[in-house]
Asker: 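My structure is below; once you've seen it, I'll send some questions.
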Amino acid sequence: MDKKFSIAIAGGGSTFTPGIILMLLDHMDTFPIRQIKLYDNDGERQAKIAGACEILLRERFPQVQFSYTVKPEEAFCDVDFVMAHIRVGKYRMRELDEKIPLKYNVVGQETCGPGGIAYGMRSIAGVLEILDYMEQYSPNAWMLNYSNPAAIVAEATRKLRPKAKIINICDMPIGIERSFATILGLKDRKEMICRYYGLNHFGWWTSITDQEGNDLMPVLQDYVKENGYVVNTEDFQHKDPSWKDTYRKVRDVYALDPETLPNTYLKYYLCQDYVVSHSDKNYTRANEVMDGREKQVFSAAEEIIRKGTAEDCGFHVDNHASFIVDLARAIAFNTGERMLLIVRNDGAISNFDEDAMVEIPCIVGKNGPEPLSMGKIPTFQKGLMEQQVAVEKLVVEAWAEKSYQKLWQALTLSKTVPSGEVARQLLNELIEANREFWPELK
Ligand code: NAD
Ligand code: G6P
Ligand code: MN
């Protein structure tokens, strides 16, 4: 175990970079690191975060080499893992993704509905570019991608880079499982064994047991029936009012299928009318994040640079991001850990498209993830998933073929959009807003 790893973080200027670095440092004993490099295509934004991280690393782990750059050839050479969290178009575009649909009384959300589709059309090129850089400069490296919308990005990499060493991941189930652990009075979510299936931001837990196999679902379901997933959490991100509302609303999503426990994101597909009527068309989650997390993280970074020290700094460890280290470690040391990942279905859900990218438990080792069989799924979930996966596939086809028609179909098919006509109007407005980022559609 004397190998030490070299990591590139793509999207170095992300609000999540400090939390990920702190989390990596917290796990140095089980996942030793020799080098961290930040890469971003916005050098100015990245320099603020990187300047502070440099001071923090010098104080806490001077033996770790640290650098930051906007040059791909510097960022992606000599790396074992690329951890990617880019946001193509940044919060300026997220705000439009959320606000444009709301004008049409359609859900305005970062990764779901028209906003997610618009974001997907921007992200595909950005993520493929980083994947190609990695393959060029460090052909043996793995890319652990959590750039959103992960469902569309995963479908794009499946279709357009089928052999690439990329694993797409999401922290939402981890956050929810941490709530489960709190409800159950457990110290660690890893005391539970979970069965879960779905698409990214679109799935259900079907079984939760303890290590001895005792069923923990009934206690959780009793709790969720009354409270949704609201618990007293230490979780920094999910403390904001909009997240609290999402956790509470799980109660109603759960009622639709009391046999399972739902992902919070199903709210956007199953409670669309509630979501729209409870949205402020002039102040969406993007505004909340810009006024909250972004200001907080960037002012903490400025403070560290001004003081020249990161002691008592305002950065927060991103606890639920520890699954990224678990994943890197599983590959690096062939641990065989069981993890929820976004992978090709390939029969794991036996009555679902084998070419679909699904989120299911996998055993992870040196050669990547091996999906576990989830068997047959019920008609309700299957129907919803078929509709949603078709949306995701049509978006990727639209991007690859530059097809207006397919993107119009994708929007029309989204459960969040009421009609082809609303989809067409929305599409035309999204095209205008995204000129800088989308391929020109024919
Ligand atoms: P952010 O805007 O603060 O950071 C994103 C960074 O990416 C910016 O510094 C931006 O300049 C950079 N960037 C944009 N396009 C790029 C490109 N083509 N190449 C290199 N860098 C580029 O955003 P954030 O809120 O910190 O989120 C970062 C990303 O992580 C988003 O995609 C978000 O959705 C995702 N995320 C995913 C999960 C998950 O569950 N998968 C969890 C949290 C965040
Ligand atoms: C969860 C999801 C991510 C998403 C994030 C949004 O963590 O799993 O995919 O990007 O929430 O959080 P935000 O605080 O930016 O709204
Ligand atoms: Mn996610």
Side-chain angles (χ1 to χ4, degrees), residues 3-25 27-28 31-58 60-90 122-148 150 153 156-157 160-161 163-169 297-298 301 304-305 315 318 321 324-325 327-329 331-332 437:
K3 182 162 162 74
K4 290 189 164 69
F5 297 91
S6 170
I7 313 282
I9 300 182
S14 157
T15 56
F16 292 108
T17 297
I20 299 276
I21 290 187
L22 283 175
M23 187 268 310
L24 286 169
L25 298 180
H27 290 76
M28 275 299 229
F31 186 66
I33 290 172
R34 68 178 163 87
Q35 170 163 261
I36 298 177
K37 305 199 241 185
L38 304 189
Y39 168 78
D40 203 290
N41 65 358
D42 178 343
E44 216 177 296
R45 183 181 174 92
Q46 174 170 257
K48 295 177 189 153
I49 299 289
C53 291
E54 190 165 36
I55 294 169
L56 186 145
L57 272 159
R58 196 168 53 217
R60 303 194 192 171
F61 284 93
Q63 69 276 27
V64 176
Q65 279 183 52
F66 178 79
S67 58
Y68 56 101
T69 179
V70 294
K71 295 189 180 145
E73 66 276 19
E74 288 173 6
F76 298 103
C77 66
D78 180 33
V79 297
D80 302 298
F81 292 97
V82 173
M83 299 182 174
H85 54 197
I86 64 167
R87 184 186 291 286
V88 179
K90 293 182 273 195
R122 294 197 300 277
S123 288
I124 295 172
V127 172
L128 291 182
E129 181 181 71
I130 288 170
L131 189 55
D132 293 344
Y133 288 144
M134 179 186 88
E135 290 191 336
Q136 182 180 354
Y137 298 112
S138 289
N140 296 319
W142 280 88
M143 179 158 162
L144 313 183
N145 179 60
Y146 37 108
S147 312
N148 266 320
V153 167
T157 54
L160 305 168
R161 299 291 186 278
K163 296 213 166 79
K165 287 166 83 175
I166 177 170
I167 304 178
N168 294 286
I169 48 182
V297 170
F298 278 83
I304 291 170
I305 295 170
F315 287 164
D318 200 351
I324 296 162
V325 177
L327 179 57
R329 189 176 38 219
I331 294 169
F437 303 100

Asker: What heavy-atom pair brings F76 and S138 nearest, and what distance separates the two atoms?
Answerer: O-OG, 2.6 Å
Asker: Is there a donor-acceptor contact under 3.5 Å from the side chain of N145 to the main chain of N168?
Answerer: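 A pair under 3.5 Å: no.
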Asker: Looking at V88, is its backbone amide N or carbonyl O close enough to the side chain of R122 to form a donor-acceptor pair, meaning the two atoms are under 3.5 Å apart?
Answerer: yes
Asker: Testing the basics here: between V79 and I7, what is the closest heavy-atom pair and its distance to 0.1 Å?
Answerer: CG1-C, 4.3 Å
Asker: For side-chain contact (heavy atoms from CB on, under 4.5 Å), just list the numbers for Y146 and M83, CA-CA rounded to whole Å, side-chain angles, deciding distance to a tenth of an Å, and then say yes or no.
Answerer: CA-CA 8 Å; Y146 37 108; M83 299 182 174; 3.9 Å; yes
Asker: Locate the shortest heavy-atom distance separating Q35 from S6; write the atom from each residue and the value.
Answerer: NE2-OG, 3.0 Å
Asker: About how many Å separate CE of M134 and CZ of F81, when rounded to the nearest 0.5 Å?
Answerer: 10.0 Å
Asker: To the nearest 0.5 Å, how far apart are CG in L56 and CG in L22?
Answerer: 5.5 Å
Asker: Do you know which two heavy atoms are closest between M28 and I33, and how far apart they sit?
Answerer: SD-N, 3.5 Å
Asker: Checking T17 against Y68 for the side-chain contact (heavy atoms from CB on, under 4.5 Å) test, could you report, in this order, the C-alpha distance in whole Å, the side-chain angles of both residues, the deciding distance, and whether it holds?
Answerer: CA-CA 12 Å; T17 297; Y68 56 101; over 6 Å; no
Asker: Identify the two heavy atoms, one from V127 and one from S147, that lie closest to each other, and give their separation to 0.1 Å.
Answerer: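 So the minimum-distance heavy-atom pair works out to CG2-CB, 4.0 Å.
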Asker: Hey, could you give me the CZ/CD1 distance between R60 and I21, rounded to the nearest 0.5 Å?
Answerer: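 Answer for the CZ-CD1 pair, R60 versus I21, is 11.5 Å.
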Asker: Under the side-chain contact (heavy atoms from CB on, under 4.5 Å) rule, what do H85 and I9 come out as? Steps first, then yes or no, please.
Answerer: CA-CA 8 Å; H85 54 197; I9 300 182; 3.5 Å; yes
Asker: Decide yes or no for D132 and R161: does some side-chain heavy atom of the first lie under 4.5 Å from some side-chain heavy atom of the second?
Answerer: yes
Asker: Is the backbone N or O of D78 less than 3.5 Å from a side-chain atom of K37, with the two atoms forming a donor-acceptor pair by type?
Answerer: no
Asker: Can you tell me how far the CZ atom of R87 sits from the CZ atom of F16, to the nearest 0.5 Å?
Answerer: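 Going from the CZ atom of R87 to the CZ atom of F16 covers 7.5 Å.
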Asker: Using a cut-off of 6.0 Å, state whether more than 12 heavy atoms not belonging to Q63 lie near its atom CD.
Answerer: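 Buried by this count: over 12 neighbours within 6.0 Å.
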Asker: What are the two closest non-hydrogen atoms of F61 and L25, and how far apart are they?
Answerer: CD1-CD2, 3.6 Å
Asker: So if I apply the side-chain contact (heavy atoms from CB on, under 4.5 Å) rule between I86 and each of V153, I130, D40, which one comes out positive?
Answerer: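 Looking at V153, I130, D40, the match for I86 under the side-chain contact (heavy atoms from CB on, under 4.5 Å) is I130.
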Asker: Under 4.5 Å between any side-chain heavy atoms of F298 and R45, yes or no?
Answerer: yes
Asker: Return the CD to NZ distance between E135 and K163, rounded to the nearest 0.5 Å.
Answerer: 11.0 Å
Asker: Rounded to the nearest 0.5 Å, what's the gap from CD1 on I167 to CH2 on W142? Could you check?
Answerer: 4.5 Å
Asker: Is a side-chain N or O of Q46 found less than 3.5 angstrom from the main chain of T69, in a donor-acceptor match?
Answerer: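 Yes, Q46 side chain to T69 backbone: donor-acceptor pair under 3.5 Å.
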Asker: Quick one: does F315's side chain get under 4.5 Å of I304's, heavy atoms only?
Answerer: yes
Asker: Any chance you could lay out the side-chain contact (heavy atoms from CB on, under 4.5 Å) test for L128 and T157, step after step, and finish with the verdict?
Answerer: CA-CA 7 Å; L128 291 182; T157 54; 4.0 Å; yes
